[in-house]
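Only heavy atoms go into these numbers, but all of them, side chains included; no hydrogens, no water, no symmetry mates.
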Amino acid sequence: QVQLVESGGGLVQPGGSLRLSCAVSGSSFSIYTMSWYRQAPGLQRELVAGITRGGSTNYADSGKGRFTISRDNAKATVYLQMNSLKPEDTAVYYCNARRDFQRTGYWGQGTQVTVSS
């Protein structure tokens, strides 16, 4: 069974930084495209950033220039470095692992990020 565990969320002031981690177990990490999504209250879950098996990255416009996604295949972990955080970044952040043939993949339980004064 594939398991994903997010960590690193918390309360930060506007302009602050957080680094989220997602550890994957139960499968071969390197075969998955990894993504970070977020969901704010009352809104749909949205893609924040993704990274392919080969290391190619993509970002939503909301995080472009502020967020960086990376992966460490040896540690089976994907990271999301978030800088210059804004109140509108407040959401539950979810990690997703997906094979190329999958439409949904696997989800973690999420980690809360709150940006507030």
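- With values rounded to the nearest 0.5 angstrom, T68 atom OG1 is found 11.0 Å from R66 atom CZ.
- Aromatic rings from F67 and W36 are positioned such that their centres are separated by 6.0 Å or more.
- Contact check for Y94 versus R45: side-chain heavy atoms found under the 4.5 Å cut-off.
- Using a 4.0 Å cut-off between a side-chain N of Lys or Arg and a carboxylate O of Asp or Glu, K86 and D89 do not qualify as a salt bridge.
- Here S28 contributes atom OG and R53 contributes atom CZ; the two are 10.5 Å apart, rounded to the nearest 0.5 Å.
- Taking both residues in full, the closest heavy atoms of V24 and M34 are given as CG2-CE, 3.8 Å, listed atom of the first, atom of the second, then distance.
- Here the shortest heavy-atom pairing between C95 and V78 reads SG-CG1, 3.6 Å.
- Distance CD/Q81 to OG/S21: 9.5 Å, rounded to 0.5 Å.
- In this structure a side-chain-to-backbone donor-acceptor pair under 3.5 Å is present from T90 to V115.
- Transitive grouping of hydrophobic side chains (ILVMFWY, heavy atoms separated by less than 4.5 Å) brings I51 and V2 into a common cluster.
- Looking at E6, its side chain does come within 3.5 Å of a backbone N or O of G110 through a donor-acceptor pair.
- Y93 and R38 are linked by a side-chain donor-acceptor pair at a separation below 3.5 angstrom, with hydrogens and angles left out of the test.
- For the residue pair N96/R98, the side-chain donor-acceptor check at 3.5 Å is not satisfied.
- Side-chain atoms of D72 come within 3.5 Å of backbone N or O of K75 as a donor-acceptor pair.
- Considering only heavy atoms from C-beta on, P14 comes within 4.5 Å of S117 through its side chain.
- Within the 4.5 Å cutoff, the side chain of L47 has heavy atoms near those of the S35 side chain.
- Side-chain contact, Q112 with T114: a donor N or O sits under 3.5 Å from an acceptor N or O.
- No side-chain donor-acceptor contact under 3.5 Å links Q102 and D100.
- Placement of Y106 and Y37 in two distinct hydrophobic clusters is found when ILVMFWY residues are connected by side-chain heavy-atom separations under 4.5 Å, directly or transitively.
- Here the closest heavy-atom approach between residue S17 and residue S84 is recorded as OG-N, 4.2 Å.
- Residues V48 and Y79 are members of separate hydrophobic clusters, defined by side-chain heavy-atom contacts under 4.5 angstrom among Ile, Leu, Val, Met, Phe, Trp and Tyr.
- Note on L80: it clusters hydrophobically with F29, by side-chain heavy-atom contacts below 4.5 Å among ILVMFWY residues.
- In terms of heavy atoms, V113 sits closest to M82 at CG2-CE, 3.9 Å.
- Note that the CD atom of E46 and the OG atom of S62 stand 5.5 Å from one another [nearest 0.5 Å].
- In plain terms, the two heavy atoms of T52 and T33 that are nearest each other are CA-OG1, 3.9 Å.
- What you find for Y32 and R71 is that their closest heavy atoms are O-NH1, 2.8 Å.
- In this structure, E88 places its CD atom where more than 12 heavy-atom neighbours from other residues, nucleotides or ligands lie under 6.0 Å away.
- Criterion: ILVMFWY side-chain heavy atoms under 4.5 Å apart, direct or through other members. Under it, V92 and L11 are not part of a common hydrophobic cluster.
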